[in-house]
Amino acid sequence: MRQPGTKVLAGVAVTLALAGTVNAQETDVTIVLASEPVSLDPCMTAANDNGRVALGNIFNGLTARNPETGALEPALASSWTQLDGNKWEFDLRDGVTFHDGSPLDAEAVKYSIERTLNENLTCETRTKFFAGGEYAVEAADADTIVITTDATDPILPLKMANVMIHPTSVPFDELQRTAPGTGPYVLDDWAAGQRVLLTRYDGYWGETPEVATGKFIWRSESSVRAAMVTQGEADLAPSIAVQDVTEEYGVAYPNAESTRLNLDMLTPPLDDRRIREAIALAIDRDAMLGTVMSSGAEKATQLYHPTTIGWSDEVTMWEYDPERARALLDEAKADGVPIDAPIQFIGRIGHFPGAKDFHEVIAIMLSDVGLNVELEWVEAAVKNRLQVKPFEEGRRAQIFVDQHDNTSGDPVFTLPSRYGSEGAQSKVADPELDQLLKEAAGATGEARVDAWKAAAAKIEEILPDTMLFHMVGYAAIGDGIEYTPTMFTNSSVQLADISLK
Amino acid sequence: MTPEHLRPDSDVVLRVQDLQKHFPLRRAGRHGPGLSIKAVDGVTFDVRRGETIGVVGESGCGKSTLGRAVMRLVEPTGGRIELMGKDITALSRREMRPMRRHVQMVFQDPLSSLNPRMTARQIVEEPLHIFRWGDRASIEKRSAMLFDHVGLPRASLSKHAHEFSGGQRQRIAIARALALNPSVVVCDEAVSALDVSIQAQVLNLLQDLQKELNLAYIFITHDLSVVEYISHRIAVMYLGRIVELADTRALFDQPMHPYTQALMSSAPSRDPRVLGAEREVLAGEVPSPISPPSGCRFRTRCTKAHDRCAVTSPAFRSVGSGHMAACHLNEAGDAPIPDEVV
Amino acid sequence: MLAEFLFRRVFYSCIALLGLVVAVFLLARLTGDPSVLYLPDTATAVMREQFREAHGYNDPIVVQLGRYVWNALHLDFGMSLRQNVPAMDAVLQAFPWTLRLAGVTVLLAMIVAMTIGPLAAYRPGSIFDRIASVLSLAAASTPDFWLAILGILVFAVHLGVLPTSGTGGFAYWILPIGVLMFKITGTTTQVVRGSMISSLASPYVKAARAKGMPENRIIFLHALRNSVISAVTVAGDQTRGLINGAVIVESVFGWPGVGKLMIDAITQRDFAVVQAAVLVTAACIFLLNIILDLIYAALDPRIDLH
Amino acid sequence: MTDKTPDTTASAPASNPRRRYALLTMLAGDRFASAAACFLLLLLFFAIFGPALIGGAEVRMNLGMRNAPPFSGENGLPYLLGADSLGRPILPRLMVAARTTLGISIGVVFLAMCVGSALGIVAGYYGGRLGGAIMRGADLVMSFPSLLLAVIVLYVLEPFVFNVVIVLAITRIPVFIRVARAEVLEVKQRLFVEAARSIGAGDWRILRLHITPVVLPTLFTVASLDLANVMLAESSLSFLGIGVQPPGVTWGLMVADGRNFLTTAWWLSFWPGLAILLTALSANLLSNWMRIAMDPKLRWRLEPEATRSSAILRRLFPARSQAR
């Protein structure tokens with residue numbers, strides 16, 4: 001106190017010395033994300049920003065998917081059975097307590113599901129997974145819950161993996177900053193703009209994870225995130241750009257994202273199938289791999305991963321053939337298709353790492369075969385508005401890059417909204433396809449697989465879009481931990497999956 | 001050189017009556033009465049054609065403000081200014097502009113009163129352009145003539161102010177003031193910034209021009225020897241008021257106001273006879289013009305002050321032929337004040 | 001006199017603030033319906049309608065504005081759509097971070113500029129002047145995001161002497177402040193140098209020299225005092241910019257300031273947060289303007305506070 | 001007393017000097033200023049003729065040349081400065097970007113200076129309610145977050161170059177208002193303004209002939225500094241993804257995109273950054289020189305060197321010097 005100057009200097013020295021070694025305790029892990037979660041409310045976890053921190057860490061659903069196999073596994077429900085076409089019964093696990101000490105019971109589950117489906121809350125989970133359909137939930141007894149749907153819903157258990165369970169003390173009509181869950185970690189502290197701190201929950205029902213506390217921080221620049229891992233300031237950076245990967249710290253992983261060129265097949269000249277085929281032939285996917293795209297990405301024929309049920313291996317993989325593309329265009333031109341009409345190629349600012357180059361390359365390739373493509377960039381809000389119904393009247397033909405992640409393992413979250421005549425962003429109105437989609441959504445087992453395959457074949461026949469890639473992500477992983485990123489890493493970073501060296 | 005005879009009234013080119021200029025400091029309101037600096041506080045005099053009236057006083061006595069108020073460069077707070085028989089006190093800026101050709105001004109610092117980005121020709125021609133003197137050729141002719149008049153070589157017309165010497169700059173300023181054939185020229189410390197030898201040249205020029213053009217000067221200065229040299233009549237100012245006004249000879253021979261006497265004795269004299277003689281020195285600071293002393297304003301520094309001076313303000317009255325002063329000491333010789341003079 | 005000046009300025013500032021809030025309110029709504037951003041693309045039209053209804057976006061804009069102003073007068077600035085916290089709380093939490101960063105940066109930049117500027121101006125055209133000019137101009141023309149990333153790569157990654165980013169002790173302040181200072185120091189140095197050169201060429205400095213006043217007295221008493229006015233003007237402008245958000249530096253370094261908050265709120269159409277942020281930063285800027293005018297008046301007696 | 005200038009009446013120059021020629025010789029005398037002028041002229045040349053000369057090389061993609069390093073020789077002149085992340089040559093891209101970059105920055109600065117100076121001069125000269133209103137308006141614009149403004153305008157009006165110019169100009173106007181006002185407040189106190197009024201000059205004349213010419217050099221200096229500012233602001237917009245977007249190209253955009261490759265391919269953002277710096281530097285050097293050249297009081301500083309270089313010029317342009 002007598003020498004404040006010395007004290008300050010000493011403090012500076014200490015801070016400088018500590019700067020490189022933030023993780024003093026070995027059981028602490030720091031994870032650097034691209035953006036801060038906006039809400040840790042249990043019904044908002046379907047948004048990736050929130051899910052990465054909350055899913056599987058703070059909250060659990062009744063079911064969960066195995067990150068490696070994609071199979072559905074018990075979580076808070078120890079088992080489930082389909083009572084009849086419209087009715088499912090879930091048996092709850094015993095001995096589970098919420099972070100506030102209250103026990104898990106059917107009332108809490110009923111309350112959580114109803115709150116998630118509450119129309120007065122704009123729950124991300126409801127809008128993403130429960131669009132359309134009525135769900136009646138009842139507690140058969142303290143440990144059993146029965147859900148009745150208005151139409152057959154064969155994948156209800158899968159949907160339940162996304163509904164986070166919380167106690168009845170959470171207000172029904174009001175979104176919360178966060179709530180008690182059943183997960184292995186409790187939200188300890190959330191300093192807005194700075195960090196979210198999770199600490200281990202001693203009453204966790206599963207295996208006790210190695211990591212005692214997890215600190216989530218965020219930096220917008222990929223190069224900074226990567227640098228933080230190499231400098232030991234962070235242990236894990238789940239999503240970095242390909243150019244920031246170093247041999248020592250970088251790991252590639254399929255991130256479940258798939259991309260397509262979403263073509264406006266309602267507006268000339270894209271209303272002609274030959275033009276759409278020419279576009280499919282004009283893209284040199286092989287040249288993009290290893291340059292503007294990571295070489296780990298895979299060329300796609302469908303908008304969901306091959307691990308998804310009903311993925312079809314009979315859909316054509318379009319190969320680069322500019323000559324054929326030009327020929328198709330000439331043919332169409334001879335028939336009076338206005339191939340010179342300008343086509344807007346609309347990119348979303350900051351869509352994914354490397355999106356700018358990705359769009360530019362495609363624009364150049366399309367121009368090369370003779371299409372009049374104009375690249376334009378818009379904000380997310382604008383693109384979303386343009387991509388969903390009602391579509392603008394009197395618009396020019398539009399092309400979007402659509403990136404979609406279906407981690408649920410079932411095409412029902414992909415196809416009806418994109419290709420069904422009722423789909424929010426669908427430009428297709430084909431009664432035959434509608435029928436196939438409806439069948440598939442209601443079917444189970446082999447019938448479901450076959451129905452999806454038939455739908456995929458029908459979609460190829462119509463050729464509404466050009467499929468591009470199954471993308472890969474990169475993670476930087478520090479020396480101190482062991483972690484294998486999976487296709488779920490983009491939507492949830494589970495501290496329990498991290499082991500310490 | 002003093003015109004002994006009283007000229008007819010029509011010869012008065014400028015008449016100033018009870019002129020006041022107060023600079024407000026605080027508006028009247030909750031905090032008490034308003035405060036203001038009373039820079040000029042009731043000044044009355046007139047100027048006749050072809051005459052030089054010197055205004056002398058210490059710095060801060062309000063003589064510069066008086067000059068600027070006469071020019072309507074500051075708005076008078078009260079009183080009346082008559083130029084060429086026309087009341088200009090309340091004219092708007094726009095209405096005032098045509099009157100400006102009759103009254104012009106020469107400032108103390110020639111360098112800063114001349115636009116550094118204009119050539120001498122542009123400076124001198126500017127008033128001619130403003131008053132649309134004539135076409136290009138006649139304006140050029142006039143500016144060349146003005147240059148001749150003030151004794152500047154025509155070759156230097158295209159130079160900028162900073163390229164001239166101080167005396168030459170003041171000649172440019174004089175040429176500009178004369179461009180429109182004014183009747184009155186206000187010279188505000190016009191030679192104070194110049195070397196003594198240059199001062200004489202400029203003063204002589206001013207006198208020559210006066211004879212030639214029948215100009216009237218209001219010559220504002222703090223320098224007694226200059227004012228003695230050039231003026232026909234002299235007004236002595238103290239704290240915003242004229243305390244004595246007389247013909248030059250009369251004032252220097254027989255100063256009637258203690259302030260004038262003090263001023264003269266404190267000034268360095270070139271007269272060797274005065275050297276060594278006991279000099280009355282002005283003691284103390286000039287009181288604040290915000291709250292001037294009651295009664296006679298000079299009483300706080302006056303060696304001859306008595307009780308009465310603190311109570312009543314002495315009237316500005318005639319103490320001799322055309323000689324006026326405001327002092328209680330002179331009241332013995334009460335004489336009626338002729339209207340024509342005030 | 002002073003009280004009257006302050007009263008008048010505060011009064012006008014309040015009116016301006018109200019105008020600003022109304023302008024932001026109306027303009028922000030020109031940028032479109034938040035429902036397209038808040039709801040995933042799978043959401044149905046019914047869900048979108050419910051969302052709009054629940055948040056009052058279906059009411060006429062005037063009704064929405066009236067409701068906002070009425071609530072704001074009761075110090076209720078609305079809830080953040082995303083974060084489920086009162087918008088004002090979010091802003092007031094972030095604002096001090098920005099203010100501290102801005103304050104330290106501008107102060108240091110002023111000190112450096114007021115040292116280099118006059119030294120360069122003293123002998124215009126000298127080697128020192130040329131070097132100082134080029135360097136300050138280079139500093140003023142370097143993009144800050146570039147500098148920020150380069151700074152991290154050099155000082156944190158290669159040299160390892162500073163942390164890459166984040167908040168914490170003294171070491172965490174060095175890079176963000178260093179990066180922000182670059183441009184401000186460069187600009188201010190240029191301005192101080194320019195105004196110093198004019199002052200040194202002015203008649204009263206010449207007069208002072210002629211009177212034989214010592215050279216350092218001329219520089220410090222006359223010329224420098226004049227240059228301070230222009231330096232303060234520039235620094236004021238720069239501070240305004242910083243208060244309004246050192247967005248880029250904040251997002252690169254993960255600094256939890258108001259600039260980052262505001263840009264996120266804008267792209268997310270979180271109107272309540274945008275409005276609250278504008279209200280707070282604008283109020284602070286108006287305050288700064290008043291303080292600057294007082295500084296001017298203190299430095300230059302000729303400037304009238306009317 | 002203070003009179004130090006010698007009486008130079010006798011050595012007065014001819015009454016009608018060829019002023020432009022004199023300026024040129026003066027410019028040639030200042031090595032830095034003339035280098036700056038040459039650089040800017042070169043840029044202007046590329047901005048006007050560059051796209052036509054290069055003939056589309058700047059958009060020719062070659063993914064095999066992705067991030068090719070500079071000075072590698074065998075790739076030919078276009079690849080002298082390397083290639084960008086799509087394998088497009090950087091040098092031609094820089095030249096083509098000069099047009100948009102200069103167009104935007106000069107447009108913004110010019111627009112902001114005209115509007116801002118006019119308002120600032122009026123505010124400083126008349127003061128009162130009008131001046132107060134202008135200043136509060138400037139405060140208002142200044143306290144309006146420029147990013148919000150950018151997002152709104154570019155959202156409502158689409159991100160065309162013209163709209164980027166408008167957005168940036170609006171945010172720069174208050175700077176000119178404040179500078180112009182502050183200068184006018186000082187200049188209007190000077191004696192020659194009072195002298196002008198005393199000879200009957202009206203407000204318009206005083207503003208036009210006595211105040212504006214004195215204030216202008218400072219405004220030019222601010223404008224030249226602002227040129228760099230605007231280029232940076234434009235690049236910041238690009239960084240945030242709301243400025244000029246591909247396939248449009250500006251230096252700012254090139255820097256913003258290149259930052260992703262700072263560790264692996266520094267040249268992507270270095271060259272455009274250098275272009276911004278050199279342009280800003282040149283504009284500043286030239287404006288500093290002009291400030292002196294335009295001020296009759298300071299012009300002599302440039303003259304001794306000017307006479308020296310006029311000999312060179314005379315050798316270069318014999319016909320013109322004979323005409324003189």
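Here is how names work: the chains are called A, B, and so on, in the same order as the sequence lines, proteins then strands, and each is numbered from 1.
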Legend entry - From A/Arg225, A/Glu221, A/Met228, residue fulfilling side chain to side chain contact (heavy atoms under 4.5 Å, CB included) relative to C/Thr164: A/Met228

Inset, instruction - With rounding to the nearest 0.5 Å, note down the distance linking OG in C/Ser165 to CD in A/Gln231. - result: 10.5 Å

Inset, instruction - For each of A/Gly193, A/Gly423, A/Pro416, tally heavy-atom pairs with chain C at distances under 4.5 Å, and name the one with the top tally. - result: A/Gly193

Legend entry - Spacing of CG belonging to C/Asp264 relative to OG belonging to A/Ser220, to within rounding of 0.5 Å: 9.0 Å

Inset, instruction - Identify which part of A/Arg195 has an atom lying under 4.5 Å from any heavy atom of chain C, answering side chain, backbone, both or neither. - result: neither

Inset, instruction - Count the heavy atoms of every other residue, nucleotide or ligand shown that sit under 6.0 Å from CZ of C/Phe155, and state whether that count exceeds 12. - result: no

Inset, instruction - Would you mind reporting whether C/Trp97 and A/Gln194 have side-chain heavy atoms less than 4.5 Å apart? - result: yes

Legend entry - Choice from C/Gly257, C/Ala156, C/Ala90, C/Ala148 maximising heavy atom contacts with chain A below 4.5 Å: C/Ala156

Legend entry - Residue C/Phe182 excluded, over 12 heavy atoms near CZ under 6.0 Å: no

Legend entry - Proximal component of A/Glu174, with respect to chain C [non-hydrogen, under 4.5 Å]: neither

Legend entry - Side chain / backbone / both / neither for C/Val85 at chain A, heavy atoms under 4.5 Å: side chain

Inset, instruction - Please look at A/Leu175 and chain C and tell me whether the side chain, the backbone, both or neither of the residue comes under 4.5 angstrom of a heavy atom of that chain. - result: both

Legend entry - Any residue meeting salt bridge (charged side-chain N to carboxylate O under 4.0 Å, His left out) with A/Lys356, in chain and number order, not counting sequence neighbours: D/Asp257

